[in-house]
Structures are given as C-alpha cells and as structure tokens.
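Written out below as structure tokens is the structure these notes cover.
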Amino acid sequence: MSLEDIKSDIKAIVAEKDCGPIFIRLSWHDAGVFSTGKLTGGCPNAAMRFTDGGEGTFGANAGLPTVALDLLKPVTDKYCPASISHADLWTLVANVAIETMGGPAIPTKFGRKDAATSAESVESQVGRLPDGDKGCPHLREIFHPKGFSDKDIVALSGAHTVGKCHGDRSGFDGKWTENHLKFDNSYFTEMLSKEYADETTAAGCPQKKHAASGTIMLISDLALLEAPFREHVELYAKDQEAFFKDFVTVWVKLQENGCTGLRDTL
Ligand code: HEM
C-alpha cells in the first residue's frame, strides 16, 4: 500500500460520485473547530465519526457523518487506521478533491491523531463554526481566534466556488456558481458581476438568489463585498493564480491548526 494507492482510490470516488465538495467540507469542519482564546483546542481529529454525542451530532455538521462518511466508507475500510489515521485521510481526501476538480495541488502532511470516542469532541459548535446568515463581525469572531486575517477569510470562503447548500442539511438551498464542480475563481467573479435578491428557503433560512441563473450566495458570502474584505474579492476575481496561491497557504494552515509533530510522509 502506498500513498498513491490511497489517492487513486479517492480520485475514483470523486470522479464517479461528483462528491468532491462534501469532502472539502468534511475536512474544513473537522479542522475548523480549532480555536484559541476563550475557546481552546479542536485540532483535526475525526471526532465527527462518532454519532453518540459531540461533533457528529452538531447541526452545523449535518450530512457529514452520514453522507460524506458513507461515500468514503470503501476507502476508510481499506486503509484506516492501519495505513492512515481517519483525520489524515479526511485531510488528504479534501486535497485530492480540490486538485481533481481543477484546483491547486496541495501538500498534505501526516500524523494527525484520531479521537478515540465522542468525548474528545469540542464542547459545542457555538463560537467554533460560522453561521451563513450573519455578516462580517461574526466572521471575524469565528476566524480571528483560529489565526486567520480578514484576507484569509476571503481566500478560505473561495472554496464555495464548488458545492451546494442542501435544504435538508443546512436549510440553505442552491449552488454558489454555475459550474459547481470546477474549482476556480468563479465564486469571486460571479459575486461581483451578479445582482442578488433576498429569498427565504423552504426551511425558512434567509439567503440571496440570482434570478436568471438560480445561483445563490449566503449573507456571509456577500458580506465579503464590504471593505476591507472587498479588495481581496476584487483581486481574486481578476487573478485566479493569486487566489490559488493564497488559498493553499491558508487551507494548509487550517488543516494543520493545533497539530504537532506532523511529517511529510505517510
Ligand atoms: C465563511 C464562513 C462559512 C460559512 C458561513 C459556510 C456555510 C456553509 C453552508 C451553510 C453550507 C451548506 C451545507 C449544506 O447544506 O450541505 C456550506 C457548504 C460548503 N462549504 Fe462552507 N461555509 C463557510 C466557510 C467555508 C470554508 C472556510 C470552506 C473550506 C475552505 C467551506 C467549504 C464548503 C464546501 C466545499 C461546501 C459544499 C458542500 C457540499 O456541496 O456538500 N466553507 N458552507
């Protein structure tokens, strides 16, 4: 078994099931609970795979312990934990998905330790993961204690260039971009060029919709059009390479937040 074997199994699932976006969200929500300051801890540890309590039961993670982990099950059964930890696999899966969908190549480090039970989850999602119906002050409250600047928040949000919101998971509904399976800078170009109107989803969530194409933006996405976030949106819309370069830096930092002793090889 080599790293290339695992990657090729992941690529096959991403290609066959078009499930790259939910694999990115899986890695982001595992790593994204990390915080310093009032809340501490939360390094990526795959605690979400337990559904008797903790991260696997957080509303913010709806669809991840079920849909995402079901899709990944053949790979998990084959390689975890003997060849790779669950938390490392989730990191790798996201990075392979991003590259497979046309995004940048991302270096993956290994050595994340898996939670043994749900008790190793963070206490709650409050203050850990962002809400889509809130604006800039909320984004700063969530992301600054993870070590991310306003510019980093813009680069990370660019991941919404792929994937969609599901009414039965988050309550929001629709895809952000017209080609939701291509990882490029269209999140930024579309956000700047389209006009959005208020909409309430069937689940009662407020979001913004572009009538002609049916694409959506969350309130938290369009908040990035405010200064000082906006200048970075404008740069990434003009220059996809700049987006990719900054995205890789902040994404790798997110995936390694709170981890110690990571290594370059499996
Ligand atoms: C900035 C604050 C953020 C908010 C408020 C937010 C909110 C959301 C919501 C509500 C969904 C829909 C979930 C569903 O219904 O299936 C979603 C999906 C997604 N998010 Fe975010 N997110 C944020 C940041 C991020 C970051 C930092 C990343 C990764 C770098 C990311 C990657 C994704 C992806 C790829 C999906 C699509 C999942 C799918 O298609 O199943 N998001 N996000």
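Atoms within a ligand are numbered from 1 in the order they appear, just like the ligands themselves.
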### Message
Restricting to under 2.8 Å, identify the protein N, O or S atoms around atom 21 (Fe) of ligand 1 as residue plus atom.
### Response
His160 NE2
Between [X] and [Y], do the side chains contain an N or O donor and an N or O acceptor separated by less than 3.5 Å?
| X | Y | result |
| --- | --- | --- |
| Asp150 | His232 | no |
| Thr91 | Thr108 | no |
| His210 | Ser213 | yes |
| Thr161 | Asp184 | yes |

### Query
Which of parallel (below 30°), tilted (30 to 60°) and perpendicular (above 60°) describes His160 and Tyr187?
perpendicular
For ligand 1, which atoms sit closer than 4.0 Å to a heavy atom of [X]?
| X | result |
| --- | --- |
| Asp131 | 5 (C) |
| Leu139 | 1 (C), 2 (C) |
| Arg169 | 14 (C), 15 (O), 16 (O), 41 (O) |
| Phe143 | 1 (C), 2 (C) |

### Query
Does NZ or CZ of Lys253 lie under 6.0 Å from the centre of the six-membered ring of Phe148, at an angle within 45° of the ring axis?
yes
### Query
Quick one: side-chain contact (heavy atoms from CB on, under 4.5 Å) partners of Asp70, sequence neighbours excluded?
none
### Query
What do you reckon, does Trp251 have a nitrogen or oxygen under 3.5 Å from a nitrogen or oxygen of ligand 1?
no
### Task
Give yes or no for whether the N/O distance cutoff of 3.5 Å, strictly under, is met between Ser220 and ligand 1.
no
Among all protein heavy atoms, pick out the one at the shortest distance from [atom]; state its residue, atom name and that distance to 0.1 Å.
| atom | value |
| --- | --- |
| atom 18 (C) of ligand 1 | Trp176 CH2, 3.5 Å |
| atom 10 (C) of ligand 1 | Phe172 CD1, 3.5 Å |
| atom 39 (C) of ligand 1 | Lys164 O, 3.5 Å |
| atom 41 (O) of ligand 1 | His166 CE1, 3.3 Å |

Quick test of your reading of the model: are [X] and [Y] salt-bridged, counting only N-O distances below 4.0 Å?
| X | Y | answer |
| --- | --- | --- |
| Glu178 | Lys194 | yes |
| Glu234 | Arg230 | yes |
| Lys11 | Glu99 | no |

### Message
Measuring only between side-chain heavy atoms, which start at C-beta, is Cys165 closer than 4.5 Å to Leu218?
### Response
yes
### Task
Decide if the gap between the ring center of Trp28 and the ring center of Phe143 is smaller than 6.0 angstrom.
yes
### Query
Which part of Pro21 is near ligand 1, with near meaning a heavy atom under 4.0 Å away: side chain, backbone, both or neither?
both
### Task
Could you pull out, from Val250, Asp173, Ile219, Leu218, the option with a heavy atom nearest to atom 9 (C) of ligand 1?
Leu218
